[in-house]
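This one's a predicted model, so the numbers in the text were calculated from it and none came from an experiment. Start at 1 and go down the list; that is how both ligands and their atoms are numbered.
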Amino acid sequence: QNAVSEAAQKRWTTSDFDVGKPLGRGKFGHVYLAREKRSNHIVALKVLFKTQLQQSQVEHQLRREVEIQSHLRHPNILRLYGYFYDQKRVYLILEYAARGELYKELQKCKYFSERRAATYVASLARALIYCHGKHVIHRDIKPENLLIGAQGELKIADFGWSVHTFNRRRTMCGTLDYLPPEMVESVEHDASVDIWSLGILCYEFLYGVPPFEAREHSETYKRIVQVDLKFPPKPIVSSYAKDLISQMLVKESTQRLALHKLLEHPWIVQNADASGIYRG
Ligand SMILES: CC(C)NC(=O)[C@H]1CCC[C@H]1Nc1nc(Nc2ccc(C(=O)N(C)C3CCN(C)CC3)cc2)ncc1C(F)(F)F
């Protein structure tokens with residue numbers, strides 16, 4: 001039985017790990033560098049306090065996050081190896097991303113070069129094609145949810161908002177009529193929400209700010225629904241990049257550029273490093 005499938009089934013406890021330095025704070029608790037004693041495998045241990053989870057009523061979201069992320073295997077998706085809990089805490093055993101948080105990197109650089117942005121966008125598109133192929137929508141693609149691996153590759157993390165869209169085929173053989181409301185989950189949107197978010201992310205990689213940012217939420221909301229997309233004169237960005245972003249930030253979700261078409265777009269073809277690794 002290989003280590004991975006063993007990891008998925010094993011009953012873990014904190015005594016299986018040497019817990020090291022804190023990597024930072026997540027939404028519901030701290031994240032620590034840790035080493036699994038038997039395999040010497042370095043991981044990130046995310047510790048969540050049950051009281052906080054209960055207060056925010058996110059237990060079902062956490063269960064969905066664990067269920068979805070533990071089954072995904074892709075180089076640009078952060079692995080979730082397993083979880084365990086004790087009296088007061090839930091522990092997620094996650095892949096350690098050695099180069100840390102992308103949003104900090106973006107803050108430091110202000111904005112990325114077209115090659116770096118295109119390399120990241122292409123690797124995220126490949127990860128989303130993989131997710132959508134498994135009827136999983138991430139729904140929360142943004143710099144804060146992206147980490148950087150040891151080779152400089154991007155890792156989508158935090159599937160807290162992801163959903164497993166209902167596989168209609170499975171239910172279409174039986175009639176929908178007998179399914180209770182909670183089963184016919186109203187996934188009011190489809191995978192194209194991730195294409196929109198990837199377009200927002202591409203813009204922010206190149207300009208350092210998201211396209212519809214405004215002082216007031218009401219203002220941002222208006223700019224989004226009107227798709228009030230403007231490209232500032234600085235920093236200078238190629239017209240190919242603007243063309244790609246304009247094809248993704250389309251109000252009609254069915255008209256957004258499909259992810260496999262994105263990978264053939266001239267801006268991606270000319271700028272993205274095929275391995276998904278930005279080497280500077
Ligand atoms: C997606 C999600 C929303 N985000 C998170 O969960 C955040 C919340 C806290 C940490 C991060 N979670 C993770 N972080 C890593 N790696 C990592 C993070 C930070 C640094 C870093 O820059 N320092 C330690 C620096 C070193 C220098 N000092 C000065 C500042 C901190 C280096 C490596 N791997 C896996 C995870 C994961 F996701 F598995 F938990």
Tell me which protein heavy atom sits closest to atom 17 (C) of ligand 1, plus the residue, atom name and distance to 0.1 Å.
A97 O, 3.4 Å
Please verify whether a non-hydrogen atom of H30 lies at under 4.0 Å from ligand 1.
no
Heavy-atom nearest neighbour of atom 12 (N) of ligand 1 within options L23, L102, V31, N145:
V31
Protein heavy-atom partner closest to atom 7 (C) of ligand 1 - residue, atom, separation in Å
E101 OE2, 3.5 Å
Closest non-hydrogen protein atom to atom 1 (C) of ligand 1, residue and atom name please, with distance?
A157 CB, 3.4 Å
Please state which protein non-hydrogen atom is closest to atom 22 (O) of ligand 1 and give its distance, to 0.1 Å?
K104 NZ, 4.3 Å
Might you confirm whether atom CD of E264 has over 12 heavy atoms from other residues, nucleotides or ligands at distances under 6.0 Å?
yes
Trace of the side chain to side chain contact (heavy atoms under 4.5 Å, CB included) decision for K155 with N76
CA-CA 4 Å; K155 303 257 179 191; N76 299 110; 6.0 Å; no
Indicate the ring-plane relationship of Y85 and Y83, choosing parallel, tilted or perpendicular according to the 30° and 60° boundaries.
parallel
Counting each atom of ligand 1 from 1 as listed, which ones have a heavy atom of L94 under 4.0 Å away?
39 (F), 40 (F)
Does the protein put a heavy atom less than 4.0 Å from atom 25 (C) of ligand 1?
no
For ligand 1, which atoms, with element, lie under 4.0 Å from some heavy atom of D158?
3 (C)
Of all the non-hydrogen atoms in the protein, which one sits nearest to atom 32 (C) of ligand 1, and at what distance?
G100 CA, 3.6 Å
Among all protein heavy atoms, pick out the one at the shortest distance from atom 38 (F) of ligand 1; state its residue, atom name and that distance to 0.1 Å.
L147 CD1, 3.4 Å
In terms of the angle between their ring planes, are F84 and F17 parallel, tilted or perpendicular, with boundaries placed at 30° and 60°?
parallel
Verify, without hydrogens or angle tests, whether S56 (side chain) and V58 (backbone) share a donor-acceptor contact under 3.5 angstrom.
no
Exercise: do Y120 and R116 side chains pair donor with acceptor under 3.5 Å:
yes
As a test of the contact definition, would atom 40 (F) of ligand 1 count as having a protein heavy-atom neighbour under 4.0 Å?
yes
Would you please say whether a donor-acceptor pair under 3.5 Å links the side chains of E213 and T220?
no
Heavy-atom nearest neighbour in the protein, as seen from atom 6 (O) of ligand 1, with distance rounded to 0.1 Å
K46 NZ, 3.2 Å
Per-atom contacts of ligand 1 with E144, taking only distances under 4.0 Å to non-hydrogen atoms
1 (C), 3 (C)
Contact partition for L78 relative to ligand 1, non-hydrogen atoms under 4.0 Å
side chain
Quick check against the 3.5 Å criterion: does K46 have a side-chain atom that pairs as donor or acceptor with the backbone of Y91?
no
Can you see whether S39 engages E36 through a side-chain donor-acceptor pair at a distance of less than 3.5 angstrom?
yes
How far is atom 35 (C) of ligand 1 from the closest protein heavy atom, and which atom is that?
E95 O, 3.3 Å
H265-D243 side chain donor-acceptor pair, cut-off 3.5 Å:
yes
Could you tell me, atom by atom, which parts of ligand 1 come under 4.0 Å of a heavy atom of G24?
9 (C)
ring-ring contact (aromatic ring centres under 6.0 Å, His included) between Y111 and F205: does it pass, once the steps are laid out?
CA-CA 5 Å; Y111 47 80; F205 282 167; over 10 Å; no
Which is it for L106 and E204 under the side chain to side chain contact (heavy atoms under 4.5 Å, CB included) test, yes or no, and what are the steps along the way?
CA-CA 9 Å; L106 183 55; E204 186 167 354; 3.9 Å; yes
Any non-hydrogen protein atom below 4.0 Å of atom 30 (C) of ligand 1?
no
If you measure from atom 8 (C) of ligand 1 to every heavy atom of R25, K21, K142, which option wins on shortest distance?
R25
